[in-house]
2 protein chains.
Amino acid sequence: MPRLGLNPHRLALGGAELADEVGFEQVTASALAQRFGVKVASLYSHIRSTHELKVRIALFALDELADRAAEALAGRAGKDALFALGNVYRDYAREHPGRYAATHLRLDPQTAAASAGPRHAQLARAVLRGYQLDEPAQTHAVRLLGGVFHGFASLELGGAFSHSTPDSEQSWTWTLNALDALLSAGPPDAG
Amino acid sequence: MPRLGLNPHRLALGGAELADEVGFEQVTASALAQRFGVKVASLYSHIRSTHELKVRIALFALDELADRAAEALAGRAGKDALFALGNVYRDYAREHPGRYAATHLRLDPQTAAASAGPRHAQLARAVLRGYQLDEPAQTHAVRLLGGVFHGFASLELGGAFSHSTPDSEQSWTWTLNALDALLSAGPPDAG
DNA sequence: CGGCTTTGCCTAAACAGTTTAGGAAAAAAA
DNA sequence: TTTTTTTCCTAAACTGTTTAGGCAAAGCCG
């Protein structure tokens, strides 16, 4: 029996592909072992538990997504950057639904801090530099952006907007325009 | 052995409570049977599968949430209604994290159509009546609202905003004010 | 190359959750 | 009371997780 040379990273990669095919929830050690043509127990030489496997998939996806976002943002500012960042998230969710779902796995604080999570926040802040927002407002806006991107992608992925007009593409563009207008108009702090 | 008089609805209710205690993912037939002091196999007289159990919990939560939203919206309009609706979702997510997670279970189209889902869309439309939006824009706005509420509650629940200043309460208020300002300003259709 | 260590994958088995089949007794209907 | 239905039970098959221990391939050293 020739060896495959498995390792934690390769398992995470295979797990990510598997997640895109069958859904993140359905990623099991059994299925992954089958995918590699290996017995289940063999995986446990490389990972401690299926939970660790899922965490590794999440970290990988978070990283990949941050890379894409950073690349998309290079050389862009203002509205252009806002649209680019939004589209990176939405496109990733549609292209890699399993990995996208993985990015929402709850991580314990230390793991989260060491993940690409903070990088995502930094990227959002970079986009917001194009709009004149003072400090508390900028943090609020980071959260708003996170909420809108996550919420929209998540609902769209769940099919909440399918089979109804106008199509979600138009709602997405409308939403990005709305965010741009909102941020341009400055903080709406007055009740 | 006296009978408990279990039925699908009672199981869904118990499942909802269990979900709030241990998380929606951790709701299993075994755990629920233990909770009722009954053997696992007994549950299968009332439900076909654990998936059906989860669907029933989701439908129950969706219904309960729509009821709360409808009650909160009664006698309110405009910004007042917007804040009320947003707070219902956020409060429900914080008060009943397991049930809230259940509301995001993917339902097959027929089940979704028969659920309280459409009622939620109706409630969002009712809020938006307070703002002058023409038809395509109103649908976009329904989706934006859904995205923001869902995204914010979801991220907040995941602890994404905890342990950082300003606290998420302020970001939430800021976000609601921003949405109100945005909707009041009319459709930002021009690029 | 031949022997030593390390490592990767194996078999085997314990454990937990799901699901079905068939039985006994409580509750309801006659 | 007798009959029927319903509710819960025991038992067992099946899938996925996880650990223990073994054998052989890969890597290292003379």
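Residue numbers begin at 1 in each chain, while the letters A, B, ... track the order of the sequences.
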Round to a whole Å and report the spacing from [atom1] of [X] to [atom2] of [N].
X: Leu11(A); N: dC9(C); atom1: CG; atom2: P; value: 9 Å
X: Lys39(A); N: dA24(D); atom1: NZ; atom2: P; value: 17 Å
X: Gln34(A); N: dC10(C); atom1: CD; atom2: P; value: 13 Å

Name the pairs: protein N/O against N/O of nucleotides 15-19 of chain D, kept only if under 3.5 Å.
| unit_1 | atom_1 | unit_2 | atom_2 | d |
| --- | --- | --- | --- | --- |
| dT17(D) | OP1 | Ala29(A) | N | 3.4 |
| dT17(D) | OP2 | Ala29(A) | N | 3.1 |
| dT17(D) | OP2 | Ser30(A) | N | 3.0 |
| dT17(D) | OP2 | Ser30(A) | OG | 3.1 |
| dT18(D) | OP2 | Tyr44(A) | OH | 2.9 |
| dT18(D) | OP2 | Thr50(A) | N | 2.8 |
| dT18(D) | OP2 | Thr50(A) | OG1 | 3.3 |

*Taking only Lys NZ, Arg NE, NH1 and NH2, and the carboxylate oxygens of Asp or Glu, determine whether Asp67(A) and Arg119(A) approach each other closer than 4.0 Å.*
yes

*asked:* Salt bridge or not between Arg35(A) and Glu17(A)? Use side-chain N to carboxylate O under 4.0 Å.
replied: yes

*asked:* Distance alone, cut at 3.5 Å: any donor-acceptor contact between the side chains of Glu169(A) and Thr173(A)?
replied: no

*Using only heavy-atom distances, determine whether the side chains of Thr175(A) and His140(B) contain a donor-acceptor pair under 3.5 Å.*
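No, no side-chain donor-acceptor pair sits under 3.5 Å.
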
*Report the end-to-end axis angle of the helix from dC1(C)-dG30(D) to dA30(C)-dT1(D); each axis comes from five terminal pairs, and the value is rounded to 10°.*
10°

Just checking [X] against [Y], ring centres under 6.0 Å apart?
X: Tyr89(A); Y: Tyr100(A); result: no
X: His120(B); Y: Phe149(B); result: no
X: Tyr92(B); Y: His96(B); result: yes

*Can you see which heavy atom on Ala70(A) is nearest to which on Leu123(A), and at what distance?*
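So the minimum-distance heavy-atom pair works out to CA-CD2, 3.9 Å.
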
*Locate the shortest heavy-atom distance separating Gly146(B) from Leu155(A); write the atom from each residue and the value.*
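In terms of heavy atoms, the two residues are closest at C-CD1, 3.6 Å.
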
Sort me out a list of protein N/O and nucleotides 4-7 of chain D N/O pairs below 3.5 Å, or just none if empty.
| unit_1 | atom_1 | unit_2 | atom_2 | d |
| --- | --- | --- | --- | --- |
| dT6(D) | O2 | Arg3(B) | NH1 | 3.3 |
| dT6(D) | O2 | Arg3(B) | NH2 | 2.7 |
| dT7(D) | O4' | Arg3(B) | NE | 3.4 |
| dT7(D) | O4' | Arg3(B) | NH1 | 2.8 |

*Under 4.5 Å between any side-chain heavy atoms of Thr139(A) and Pro166(B), yes or no?*
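SC-SC contact between Thr139(A) and Pro166(B) confirmed.
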
